[in-house]
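Right, one structure below, let's go through it.
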Number of protein chains: 2
Amino acid sequence: MLTADLLRELTAIVGANWCLDAPADLMAYSFDATPLYQHLPDAVVVPGSPDEVAAIMKIAYKHRIPIVPRGQGSNLSAGTVPTQGGIVLGLNRMQALKEIDQENMTCTFEPGLVTAKLHQAVEALGLFYPPDPGSMTVSTLGGNIAECAGGLRGLKYGVTKDYIIGLEAILADGRTLKVGGKNAKDVAGYDLVKLFVGSEGTLGIITEATAKLIPLPETKRTMLALFTDLTGAARSVSRIIASRIIPATLEFLDNATIRVVEDFARIGLPVEAGALLLIQQDGPESICERDIARIASICREEGAFETRLAQNAAEEAALMTARRAALSALARKKPTTVLEDATVPRKHLAEMVEQINLIAKKYSVDICTFGHAGDGNLHPTCMCDERDQEEIHRVEMAFEEIFEAALRLGGTITGEHGVGESKAGYLEWRVGPTGIEVMKGIKSAFDPHHLLNPGKIFARETRRRVVVRR
Amino acid sequence: MLTADLLRELTAIVGANWCLDAPADLMAYSFDATPLYQHLPDAVVVPGSPDEVAAIMKIAYKHRIPIVPRGQGSNLSAGTVPTQGGIVLGLNRMQALKEIDQENMTCTFEPGLVTAKLHQAVEALGLFYPPDPGSMTVSTLGGNIAECAGGLRGLKYGVTKDYIIGLEAILADGRTLKVGGKNAKDVAGYDLVKLFVGSEGTLGIITEATAKLIPLPETKRTMLALFTDLTGAARSVSRIIASRIIPATLEFLDNATIRVVEDFARIGLPVEAGALLLIQQDGPESICERDIARIASICREEGAFETRLAQNAAEEAALMTARRAALSALARKKPTTVLEDATVPRKHLAEMVEQINLIAKKYSVDICTFGHAGDGNLHPTCMCDERDQEEIHRVEMAFEEIFEAALRLGGTITGEHGVGESKAGYLEWRVGPTGIEVMKGIKSAFDPHHLLNPGKIFARETRRRVVVRR
């Protein structure tokens, strides 16, 4: 609990409407989109400017109060759950799109801006900000930066890190750090911009960012390829890449996911298909047509029983929306949906999916798998019920084995969702004790009292099991 | 000087042929491609494996001996001059191209591999590693990573940082750190890979790297556009980008550079041209043709008195070689060539070139300017004579003003050459005292005794003037 004096100080900074400590408010900020994690903050403070953020940070620093920055809380790694209490710093008020600089092809915005709003604004000018996480209609860009969000266009266009070139951040003690800017190239010292991207709120509070933009592709074409089994789909992915075609999107859904998505979206997916690939290419029209034709013929050669080309924008939107709706569709089935993010080098895709299926069977858990096939980035998703402790234990065991399997294949424990608190116990499996020690050294250099989003990225102990908190 | 005991220990690790301390050897490693900097090391040690690097580092750590890692010494920021003595760690022996993984589109290599050799090997398989620093036929990839090298293809394809996705490094105390790998996406903790890229040997010794590759563009077209004056060239750059065309290469040479290059290369450049743009587009043939035609017409509309399309590979190679030869051509004119690396947001290109010309006039120094126009990355190059202390003083004053001008325009002190020792005194101008403090915190976390490439990036004092050492 914060003292009345402290709450008065915080209120003096942001105004009474933006410093919240009523039980209902604390409850509303006690969880995020990640299941199994919940903890009440001591207060929720919603600043309206970088100066207000700095003033709050100075108070928190002086009194050693944890600060948990938060956008929309749509992350899937418990990255914004205030598991050690303290202040949840809501950044949604700071949502200005400050500039689109067409000559330099950059845009500058505040952290609370919703991702899809930036898309709309730049695309209206013929420009393109490619990162498109599944949650883009609700997620904020500050959150995307904190997590280094990916999305459906990662294969061809990369992820959030590939676009952020300038940042303003407030450090733990309230000082302002400005790094990068609008330059296409800048090697003046360590790249603090890229270090902040994906740092999950543990190094500072992002109050402004500048992203590079690229020209909006002239056109796009979208197709579905339906397979009787997984291996044909995986072989197609390999052969598309081997023929030196990089589609903008190359998504995979397994049979279980197809069934659930069709049940939800009713877009005519054949529920008997063993797997499907959702493929989009963009670029000049002639090249799109050529690539999509080649991709379709590769898929058929590798056993696709059907390829469907979207005939118009509405059909295309339906297909893309269906894929984006996978999590929502799955979440309808059972009270608790645990979505994971195991990633392997692309060529091990089929092997990884097979491993997931074997592990699901071994632990009798219900796992659907979909994801970004071109990136080797899979989202095995378990539908369960957190009230059933025995089932949750099996789910945890299964995901532990899934992480082990991904690492055995040269993969990683998280491709785009972040470590957060939910995977902190597994980080050492991926980066080793030296990696952990080096990262902790960086963390301590920025945040000596470990006030910024404590408990995220770094676990008290490695391979700690997930525990349901109440 | 190292003791005889220490030299014996080092020799025991690498063998007598690879531990050098004869005066001629020390002299050979006392400088790099940067003028005005020279200092003898105490020894030169050339390891043949990561294990040998680790063993050397353990000895250096125990005895607190500075370590200066070095590839071919082709950097232009005094990044490899052992200005505080110690051991120059030559990494040229470790030059294996260990793997090209076609399915994952990655390659893995040792740090001493020469950049152009990697280009040849991957291009033979239809793959592409875009970063192409001017020195690529001699520079090593380890050096490219240390400096975050750019090149002529940065506008469309980015720089070294955009391609390196995995690293093995030996830390100051001899421990091995492995980060990243072949995954297209990986957000498991802080991005140590990107932190190492551009860290100029101050955080650890890179012993292996993995880069992502992309498909080799199907074809390319190269053209020259000749202008009577600078502003037409700069306006063309702006209009090309504004029309949403991103050429692979968009290089600028001023009149002074044109004269020197023509005198050197004899390829028929009109020495009366006020400025030229060298433009290359790559991709599918139809798109290349279309883009180049549009670019040519924009250049003519903006006052180009001639546009020349290379008619065959030989003509194209001649044009690209002429641009790459700019430094060599300039270096013939006077004993000392100081090549700088001021970078501004693209739209300020013309203004920056005008500033450079005004400053050159003010200090009566002889500056040619060329560079990567599309990136706003200029290389004002001063031909002088380091034996003339008074002239060198004027050169230093001029470059100090050039950095100030770049920063006033939102630019940076170095776009692709690194801070090294030559720009260390200016780093605070760019990143501010908070930026310096944060970077020093990171440095200390990796290298508490400041043994790794001491004096680079961080200056003893800000705005220290360049001093000729003898």
Side-chain angles (χ1 to χ4, degrees), chain A residues 102-105 126 147-148 150 154 159 161-162 175 177-179 181-192 194-195 198-199 215 238 241-242 244 246 284 286-287 343 345-347 375-377 410-416 418-419 427 430-432 434-435 438-439 441-442 445-446 457, chain B residues 102-105 126 147-148 150 154 159 161-162 175 177-179 181-192 194-195 198-199 215 238 241-242 244 246 284 286-287 343 345-347 375-377 410-416 418-419 427 430-432 434-435 438-439 441-442 445-446 457:
Chain A
Q102 294 199 60
E103 278 185 276
N104 286 316
M105 292 213 296
E147 305 293 333
C148 188
V159 296
K161 187 180 306 281
D162 299 306
R175 281 178 304 163
L177 176 72
K178 293 188 188 205
V179 285
K182 291 181 177 180
N183 295 290
K185 291 168 166 177
D186 188 359
V187 293
Y190 302 140
D191 193 338
L192 301 181
K194 305 294 186 209
L195 183 62
S199 66
S238 286
I241 305 290
R244 308 291 183 238
I246 306 293
S286 59
I287 307 306
T343 300
R346 186 186 298 127
K347 72 175 163 192
D375 303 330
N377 183 191
T412 183
I413 58 168
T414 173
E416 58 179 11
V419 177
L427 182 62
R430 170 66 182 141
V431 303
T434 304
V438 165
M439 289 181 191
I442 294 169
F446 278 86
I457 300 184
Chain B
Q102 294 200 59
E103 277 186 276
N104 287 315
M105 291 212 297
E147 305 294 332
C148 188
V159 296
K161 190 180 303 284
D162 299 306
R175 283 178 303 164
L177 177 71
K178 294 188 188 206
V179 285
K182 292 181 178 180
N183 295 289
K185 291 168 167 177
D186 187 359
V187 292
Y190 302 141
D191 193 338
L192 301 181
K194 305 293 187 211
L195 184 62
S199 66
S238 286
I241 306 289
R244 309 291 183 237
I246 307 293
S286 59
I287 306 306
T343 300
R346 186 186 299 125
K347 73 175 163 193
D375 303 331
N377 183 189
T412 184
I413 58 168
T414 173
E416 58 180 11
V419 178
L427 181 62
R430 169 66 182 142
V431 302
T434 304
V438 165
M439 289 181 190
I442 294 170
F446 278 86
I457 299 183

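Throughout, a chain's letter reflects where its sequence line sits, starting with A, and its residues are numbered from 1. This is a predicted model, so every value here is computed, not measured.
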Within-4.5 Å side-chain heavy-atom neighbours: [X] and [Y]:
X: B:Val187; Y: A:Val159; value: no
X: B:Asp191; Y: A:Asp191; value: no
X: B:Gln102; Y: A:Arg244; value: yes
X: A:Glu103; Y: B:Ile241; value: no

For B:Phe446, is it the side chain, the backbone, both, or neither that has a heavy atom closer than 4.5 Å to a heavy atom of chain A?
side chain

Could you look at B:Ala188 and say if it's the side chain, the backbone, both or neither that has a heavy atom under 4.5 Å from chain A?
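Both parts, backbone and side chain.
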
Among [options], which residue has the highest count of heavy-atom pairs closer than 4.5 Å to chain B?
options: A:Gly415, A:Ala184, A:Gly441, A:Gly435; answer: A:Gly415
options: A:Lys347, A:Lys161, A:Met105, A:Glu147; answer: A:Lys347
options: A:Gly376, A:Gly432, A:Pro284, A:Ser238; answer: A:Pro284
options: A:Thr343, A:Leu427, A:Asn183, A:Ile457; answer: A:Asn183
options: A:Gly154, A:Gly150, A:Gly181, A:Ser199; answer: A:Ser199
options: A:Arg175, A:Lys182, A:Lys194; answer: A:Arg175

Which atoms of [X] approach chain B - backbone, side chain, both or neither, heavy atom under 4.5 Å:
X: A:Val419; result: both
X: A:Ile442; result: both
X: A:Ser286; result: side chain

Just by distance, no angles: are the side chains of B:Lys185 and A:Asn377 close enough, under 3.5 Å, to form a donor-acceptor pair?
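Result is yes, a qualifying pair exists.
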
Greatest number of heavy atom pairs closer than 4.5 Å to chain A - which of B:Gly198, B:Ala445, B:Pro215:
B:Pro215

Give a yes or no answer on whether the side chain of B:Arg430 reaches the backbone of B:Gly411 with a donor-acceptor pair at less than 3.5 Å.
yes

Backbone N/O of A:Asp162 and side chain of B:Asp162: donor-acceptor pair under 3.5 Å
no

About how many Å separate CD1 of A:Ile413 and CG of B:Asp186, when rounded to the nearest 0.5 Å?
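It comes to 8.5 Å.
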
